[in-house]
Amino acid sequence: MFDVVGVLVLVVLSLLFGFLAARAWQAKNVLVRWVGTLLAAIPTLVFALAAGLALYGYAKVNQRHSNPVADITVARTDEQAARGMKIARACAGCHSANGDLPLTGQRFEGPPIGDLYAANLTPTHLQDWSDGEIIRAIREGVHKDGRSLIIMPSAIFRNLSDEDVQALVAYLRSTEPVEPDTPPTRVNVVGAIMASALPLFSVQPPISAPVVAPPAGPTTEYGGYLVAASGCRECHGGDLRGGEAGGFAPSGPPIANIAERWSEQEFVNTLRTGVRSDGVPLGPGMPWRDYELFSDDDFRAIYLYLKAGQP
């Protein structure tokens, strides 16, 4: 992945303005010499810096990571697939153009940094991936080819238990293939410059020990697991006392003290319907539809965890 033309343009422009700066410095008129040199030197430095940042960004984009791939074949039972569908629903916000299953992928619209795609996760795209490679991509943010995925919330999904991530794979394998496949992501020179400084990459340290979730049910322990695996802290802050503006995730309100304001049933009803008990809809940044397949006991578990005051 490398924008040869974009980088070459930056190099040529830096050389051109460097040449003009050198010529200006040879002028006999003192005013022309200093003003001309300054006016040419500034874009020389800007374009040279941009070229350097782009090269560094592409080095990061194309870096290969040695996270091992687990030698595993998921059983793919109907029970697993049903469990995995509930987890996959939370992926639809990115991996589906209509925000719903199946996960057919979509192109991200936004700044002109290249062609960024959330991949088609039906067998059309995954047929050449092993189960271990899919699990590594989900929990460690590493593509089949070893490069880091871009803006993949693997820092959240690494909290998924072995059982749940295998259930997700079972669901993805069980869906019907949907054409067309998404094209590969391509980062242009502007994206490479951004990649040199911004946290766009998703690679995580290898998971080397079993990840086990508490037994499912309306308990504080299971609620803590759901909070971690659902990414609540990405928006609501690490201590769940409110997120900070300026990041990739929306800045969510504090929820650590939710039990002081809402009853358990109000909490369940709000997450089930997207409307608070006073009739006010949740803000557009709250992806409550991603969790519409959660059971009421799942929501009760989260409420109990928040009520217990555990960060």
Side-chain angles (χ1 to χ4, degrees), residues 1-67 94 105-119 137 140-156 181-205 234-235 237-238 243-251 285:
M1 189 183 301
F2 191 80
D3 183 357
V4 176
V5 174
V7 173
L8 186 60
V9 167
L10 292 177
V11 172
V12 169
L13 287 173
S14 65
L15 292 175
L16 173 62
F17 280 99
F19 171 75
L20 293 176
R23 288 296 301 271
W25 186 248
Q26 296 173 1
K28 294 181 180 180
N29 184 291
V30 175
L31 181 62
V32 172
R33 179 191 305 166
W34 284 102
V35 173
T37 300
L38 181 62
L39 291 177
I42 291 175
T44 298
L45 295 175
V46 169
F47 288 122
L49 177 61
L53 291 175
L55 291 172
Y56 178 59
Y58 277 122
K60 294 174 67 175
V61 167
N62 292 294
Q63 180 181 355
R64 264 39 177 197
H65 301 272
S66 59
N67 297 39
C94 288
Q106 68 165 320
R107 185 181 190 276
F108 289 121
E109 301 295 338
I113 62 175
D115 298 318
L116 303 184
Y117 293 89
E140 299 175 25
V142 180
H143 191 274
K144 176 183 173 68
D145 63 11
R147 289 185 293 193
S148 174
L149 298 173
I150 297 177
I151 318 180
M152 165 72 180
S154 48
I156 298 171
D181 194 1
T182 41
T185 285
R186 300 187 185 279
V187 177
N188 63 24
V189 69
V190 176
I193 292 172
M194 293 179 62
S196 69
L198 297 179
L200 303 179
F201 301 99
S202 306
V203 64
Q204 300 292 315
E234 290 295 298
C235 296
E244 297 181 3
F248 288 107
S251 176

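Keep in mind that what you see is a predicted model, and the values were worked out from it rather than measured. One is the number of the first residue; the rest follow in order along the sequence. Side chains included, hydrogens not; waters and symmetry mates left out as well; all remaining heavy atoms used.
Each side-chain hydrogen bond (donor to acceptor under 3.5 Å, both in side chains) pair with one or both residues in residues 41-65, not counting sequence neighbours, appears once here: N62-R147. Sequence neighbours left out, not one pair with a member in residues 185-205 passes ring-ring contact (aromatic ring centres under 6.0 Å, His included). Applying the side-chain hydrogen bond (donor to acceptor under 3.5 Å, both in side chains) definition to pairs two or more places apart or across chains, none involves residues 191-204.
The ring-ring contact (aromatic ring centres under 6.0 Å, His included) check on F17 picks up F47, with sequence neighbours excluded. Looking at residues two or more places apart in sequence or on another chain, you find a side-chain contact (heavy atoms from CB on, under 4.5 Å) between L55 and F2, V7. For N67, the side-chain hydrogen bond (donor to acceptor under 3.5 Å, both in side chains) partners two or more places apart in sequence, or in a different chain, are E140. Remark: A51 pairs with L10, V11 by the side-chain contact (heavy atoms from CB on, under 4.5 Å) rule, at least two apart or across chains. Applying the side-chain contact (heavy atoms from CB on, under 4.5 Å) criterion to A40, with sequence neighbours excluded, gives L20, A21. For I42, the side-chain contact (heavy atoms from CB on, under 4.5 Å) partners two or more places apart in sequence, or in a different chain, are L38, V46. In this structure, the side-chain hydrogen bond (donor to acceptor under 3.5 Å, both in side chains) partners of D181, at least two apart in sequence or on a different chain, are H125.
Scanning both residues, D3 and V189, for their nearest heavy atoms gives OD2-N, 3.3 Å. Smallest separation of non-hydrogen atoms from P43 and L39: CD-O, 2.9 Å. Closest approach of A118 to C94, counting heavy atoms only: CB-O, 3.1 Å. Nearest heavy atoms, M1 versus T185: CE-O, 3.0 Å. Of all non-hydrogen atoms in R33 and T37, the two that sit nearest each other are O-OG1, 2.5 Å.
Within the 4.5 Å cutoff, side-chain heavy atoms of V187 are placed close to those of I150. Between R107 and D115, the closest side-chain pair of non-hydrogen atoms falls below 4.5 Å.
Atom CG of L13 and atom CG of L8 lie 9.5 Å apart (nearest 0.5 Å). To the nearest 0.5 angstrom, H143 atom NE2 is 11.0 Å from S148 atom OG. Atoms CG and CG, from L116 and L200 in turn, are 8.5 Å apart once rounded to the nearest 0.5 Å.
Side-chain atoms of N188 never come within 3.5 Å of backbone atoms of G6 as a donor-acceptor pair (strictly under, hydrogens ignored).
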Donor-acceptor pairs under 3.5 angstrom involving side-chain atoms of residues 22-30: please list them, not counting sequence neighbours.
| unit_1 | atom_1 | unit_2 | atom_2 | d |
| --- | --- | --- | --- | --- |
| N29 | OD1 | L31 | N | 2.9 |
| N29 | OD1 | V32 | N | 3.0 |

